[in-house]
Engineer: 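I'd like to ask some things about the structure below.
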Amino acid sequence: MKKTLLTTILVAILAISTLGAADFELVFGSPTIDQHPEILIGFVPTAAKLGVGYTGLNLIEGNETQLALIAGGGYVQRKVWQNPETGAVETTDPIVYDTANVEWELRFSQGFLQSPVEGKDLLTLTASYLGRWDYNKDSMVVGQDRDNGDNFPIRTLEGYLGANYSGHIYPDLKGNAQHLGTAFQLQLKLDMMDEQKMYSNGLLSTFEAKYAPLALNSALDGVADYYSLTLNTVIAYSPYQIIGNDGQHWFSITVVDRINLNWTDGSAVPVYAQGPVSLGRKVRGYNTWTYNTQFTAVNNFDIRFAGPDWYTIFPRVNLFIDAGYGCGDVFNTDYFESNMLASAGIQVTVSFFDFIDLGYQIAYLFTGSKYTEGPDVNVTGSFTFFLDF
């Protein structure tokens with residue numbers, strides 16, 4: 001399956017890149033790629049989202065108008081940590097299962113004003129329709145033991161949830177665990193970021209509002225009913241870089257700081273919506289789908305050393321320190337919780353095309369714990385596939 005998916009991605013990229021017309025361009029979904037940790041320990045993409053954008057409308061002279069169609073999907077693993085009926089956190093026996101899914105997006109974007117960075121719009125307003133179909137199923141390694149703070153065998157999805165699950169905590173796993181979803185999204189982006197291969201200077205800020213109403217998310221057994229508000233701001237400065245006379249990038253140092261604020265709530269927040277906004281996902285060294293509360297505020301700080309560049313492939317070393325606070329009700333429960341997480345560490349990667357960063361990360365956890373390592377472990381390690389920001 002992984003070979004077929006990789007071939008499909010490459011064929012799609014080649015097909016779009018050979019359209020020939022200047023009014024068409026390759027566009028990416030979010031996240032662009034994902035991986036399954038049981039397939040070559042996550043070192044190959046097993047999911048991708050990309051498409052084609054048409055920029056020939058020119059509704060405002062000097063600013064870009066884009067109509068984009070994005071599609072994708074794949075096969076990924078999900079690991080969640082709450083009791084499926086009570087919502088209590090169970091740190092030693094997570095629910096592990098696989099998801100095969102298809103996603104599609106219709107996106108309209110309009111730029112306004114001129115950015116100080118040449119060739120960019122200062123403001124971009126984007127409206128999107130998002131659709132998805134998820135087929136949640138037993139893990140490919142059912143019956144095997146995995147270390148999740150303690151050794152527990154991975155069970156079938158019915159073994160974790162019981163027959164005809166109510167969906168109380170994980171609404172998209174209700175009944176037969178299939179879900180057909182629809183969401184609407186508005187995004188306003190302020191772009192004053194000069195992004196080069198190995199360094200960046202400037203500011204990029206986005207405000208995003210997403211709404212998935214129950215009426216459009218209950219066609220199959222799995223349901224969803226939630227909204228999510230996110231403010232994400234990135235500031236970057238490169239105090240030092242070496243660039244040859246021929247434009248060759250030899251070395252750079254870049255300081256990057258990100259502030260991310262999110263509020264997510266609703267009567268049925270599905271697993272796929274919980275993961276990206278969980279505090280454990282945003283503070284490096286912890287686990288996705290952990291410390292799941294309505295509100296999160298996170299600061300990520302990096303010092304990045306990159307180079308030399310060789311045909312868009314280059315090594316990168318990131319020194320980081322993260323801090324985040326979360327509070328509010330745990331998703332789909334009435335349990336109020338507050339958490340403060342902080343970590344520091346290093347990422348050593350090889351960057352491909354400046355968006356895939358394959359390597360290894362070591363983090364020291366100042367507070368809390370990484371559920372897969374147990375409560376007494378402060379130093380954690382993990383493979384990386386791409387940078388978070």
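Hydrogens, waters and symmetry mates are skipped; everything else that's a heavy atom, side chains included, is used.
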Engineer: Can you tell me how far CD of Gln114 sits from CG of Leu123, rounded to the nearest 0.5 angstrom?
Structural biologist: 11.0 Å
Engineer: Do you see a donor-acceptor pair shorter than 3.5 Å between the side chains of His179 and Tyr272?
Structural biologist: yes
Engineer: Restricting to non-hydrogen atoms, name the atom on Gly73 and the atom on Lys49 that form the minimum distance, rounded to 0.1 Å.
Structural biologist: N-CG, 4.4 Å
Engineer: Step by step, work out the side-chain contact (heavy atoms from CB on, under 4.5 Å) result for Gln274 and Asn332.
Structural biologist: CA-CA 10 Å; Gln274 295 180 24; Asn332 304 319; 3.4 Å; yes
Engineer: For Asn232 and Arg258: C-alpha separation, side-chain torsions, deciding distance, then whether side-chain contact (heavy atoms from CB on, under 4.5 Å) applies.
Structural biologist: CA-CA 7 Å; Asn232 190 75; Arg258 180 182 78 159; 3.2 Å; yes
Engineer: Are the side chains of Met193 and Val117 in touch, meaning some heavy atoms are under 4.5 Å apart?
Structural biologist: no
Engineer: Flag the pair Thr126 / Arg107 as yes when at least one side-chain heavy-atom distance between them is below 4.5 Å, and no otherwise.
Structural biologist: yes
Engineer: Would you check if Lys210 and Leu130 make a side-chain contact, meaning some heavy-atom pair closer than 4.5 Å?
Structural biologist: yes
Engineer: Show your working on side-chain contact (heavy atoms from CB on, under 4.5 Å) between Lys370 and Ser382 and close with a plain yes or no.
Structural biologist: CA-CA 11 Å; Lys370 182 176 183 178; Ser382 61; 4.0 Å; yes
Engineer: Is there side-chain contact between Phe112 and Ile60, with heavy atoms separated by less than 4.5 Å?
Structural biologist: yes
Engineer: Do Met140 and Tyr160 belong to the same hydrophobic cluster, where Ile, Leu, Val, Met, Phe, Trp and Tyr are linked whenever their side-chain heavy atoms lie under 4.5 Å apart, directly or via other members?
Structural biologist: yes
Engineer: Whether Glu105 and Arg132 form a salt bridge (side-chain N of Lys/Arg under 4.0 Å from carboxylate O of Asp/Glu) is what I want to check.
Structural biologist: no
Engineer: Test of understanding: clusters of I, L, V, M, F, W, Y form through side-chain heavy atoms closer than 4.5 Å, transitively. Do Trp104 and Leu106 belong to the same one?
Structural biologist: yes
Engineer: Quick one: sort the Phe383 and Tyr360 rings into parallel, tilted or perpendicular, breaks at 30° and 60°.
Structural biologist: perpendicular
Engineer: Between Tyr286 and Tyr291, what is the ring plane arrangement, given parallel below 30°, perpendicular above 60°, and tilted in between?
Structural biologist: perpendicular
Engineer: Are a donor atom and an acceptor atom from the side chains of Thr46 and Gln35 found within less than 3.5 Å of each other?
Structural biologist: no
Engineer: With side-chain contact (heavy atoms from CB on, under 4.5 Å) as the criterion, how do Thr206 and Leu190 come out once you've worked through the C-alpha distance, each side chain's angles and the decisive distance to 0.1 Å?
Structural biologist: CA-CA 6 Å; Thr206 59; Leu190 172 67; over 6 Å; no
Engineer: Is the closest side-chain donor-acceptor distance between Asp191 and Ser115 under 3.5 Å?
Structural biologist: no
Engineer: Restricting to pairs with a member in residues 154-179, which pass salt bridge (charged side-chain N to carboxylate O under 4.0 Å, His left out), not counting sequence neighbours?
Structural biologist: Asp93-Arg155
Engineer: Do Arg146's NZ or CZ and the ring of Phe152 fall within the cation-pi criteria of under 6.0 Å and 45°?
Structural biologist: no
Engineer: Hydrophobic cluster membership, with links at side-chain heavy-atom distances under 4.5 Å among I/L/V/M/F/W/Y: are Val102 and Leu180 in one?
Structural biologist: yes
Engineer: State the CZ-NE2 distance between Phe251 and His249, to the nearest 0.5 angstrom.
Structural biologist: 14.0 Å
Engineer: Using a strict 4.0 Å threshold on nitrogen-to-oxygen distance, state whether Asp98 and Arg78 make a salt bridge.
Structural biologist: no
Engineer: With no hydrogens and no angle check, is any side-chain donor or acceptor of Asp221 less than 3.5 Å from a backbone partner on Ala177?
Structural biologist: no
Engineer: Just by distance, no angles: are the side chains of Glu64 and Ser109 close enough, under 3.5 Å, to form a donor-acceptor pair?
Structural biologist: no
Engineer: Is it the case that more than 12 heavy atoms not belonging to Tyr135 sit under 6.0 Å from its OH atom?
Structural biologist: no
Engineer: Ile346 and Phe320: same hydrophobic cluster, using ILVMFWY side-chain contacts below 4.5 Å?
Structural biologist: no
Engineer: Output the distance between atom CH2 (Trp81) and atom CD1 (Ile95), rounded to the nearest 0.5 Å.
Structural biologist: 11.0 Å
Engineer: Counting C-beta onward and ignoring hydrogens, is there a side-chain heavy-atom pair between Glu38 and Gln77 closer than 4.5 Å?
Structural biologist: yes
Engineer: Drop me the distance from Ser200's OG to Asp194's CG, to the nearest 0.5 angstrom.
Structural biologist: 7.5 Å
Engineer: Would you kindly say whether Lys282 and Asn260 are connected by a side-chain donor-acceptor distance under 3.5 Å?
Structural biologist: yes
Engineer: Closest approach of Gly285 and Ala363, non-hydrogen atoms and distance?
Structural biologist: CA-CB, 3.8 Å
Engineer: Would you check if the side chain of Thr32 reaches a backbone N or O of Phe28 as a donor-acceptor pair within less than 3.5 Å?
Structural biologist: no
Engineer: Counting C-beta onward and ignoring hydrogens, is there a side-chain heavy-atom pair between Gln294 and Trp263 closer than 4.5 Å?
Structural biologist: yes
Engineer: For Asp302 and Arg284: C-alpha separation, side-chain torsions, deciding distance, then whether salt bridge (Lys or Arg N to Asp or Glu O under 4.0 Å) applies.
Structural biologist: CA-CA 11 Å; Asp302 274 21; Arg284 283 168 285 191; 2.7 Å; yes
Engineer: Which atoms form the tightest heavy-atom contact between Glu373 and Thr380, and what is the distance?
Structural biologist: CG-CG2, 3.8 Å
Engineer: In the single-linkage hydrophobic clustering (I, L, V, M, F, W, Y; side-chain heavy atoms under 4.5 Å), do Ile169 and Leu161 co-cluster?
Structural biologist: yes
Engineer: Which class fits the ring pair Tyr129 and Phe184: parallel under 30°, tilted 30 to 60°, perpendicular over 60°?
Structural biologist: tilted
Engineer: For Lys137, I'd like to know if atom NZ has over 12 heavy atoms of other residues, nucleotides or ligands within 6.0 Å.
Structural biologist: yes
Engineer: So, Asn63 versus Glu61: side-chain donor-acceptor pair below 3.5 Å or not?
Structural biologist: no
Engineer: What's the shortest heavy-atom distance between Asn164 and Gly175, and which atoms?
Structural biologist: OD1-CA, 3.6 Å
Engineer: Verify side chain to side chain donor-acceptor pair (under 3.5 Å) between Glu25 and Thr55, making sure each step is shown before the conclusion.
Structural biologist: CA-CA 8 Å; Glu25 62 185 18; Thr55 58; 5.1 Å; no
Engineer: Ignoring hydrogens, what is the shortest heavy-atom contact between Val80 and Tyr97? Give both atom names and the distance.
Structural biologist: CG2-CE2, 4.4 Å
Engineer: Taking the side chain as every heavy atom from C-beta outward, state whether Lys79 and Thr372 have any pair of such atoms under 4.5 Å apart.
Structural biologist: yes
Engineer: Evaluate the side-chain proximity of Met192 to Ser205: yes if any heavy-atom separation is below 4.5 Å, no if none is.
Structural biologist: no
Engineer: If you round to the nearest 0.5 Å, how far is OG1 of Thr293 from OH of Tyr325?
Structural biologist: 8.0 Å
Engineer: After noting the C-alpha distance and the side-chain angles of Asn262 and Ser228, does the key distance pass the side chain to side chain donor-acceptor pair (under 3.5 Å) rule?
Structural biologist: CA-CA 7 Å; Asn262 176 266; Ser228 185; 3.1 Å; yes
Engineer: Classify the ring geometry of Tyr364 against Phe366: parallel below 30°, tilted from 30° to 60°, perpendicular beyond 60°.
Structural biologist: perpendicular
Engineer: Quick check: does any side chain N or O of Ser369 sit under 3.5 Å from a backbone N or O of Tyr371, one acting as donor and the other as acceptor?
Structural biologist: no
Engineer: At what distance, to the nearest 0.5 angstrom, does CG of Asn136 lie from CG of Leu173?
Structural biologist: 5.0 Å
Engineer: With a 6.0 Å cut-off (strictly less than), is the heavy-atom count around CG of Asn245, excluding the residue itself, greater than 12?
Structural biologist: no
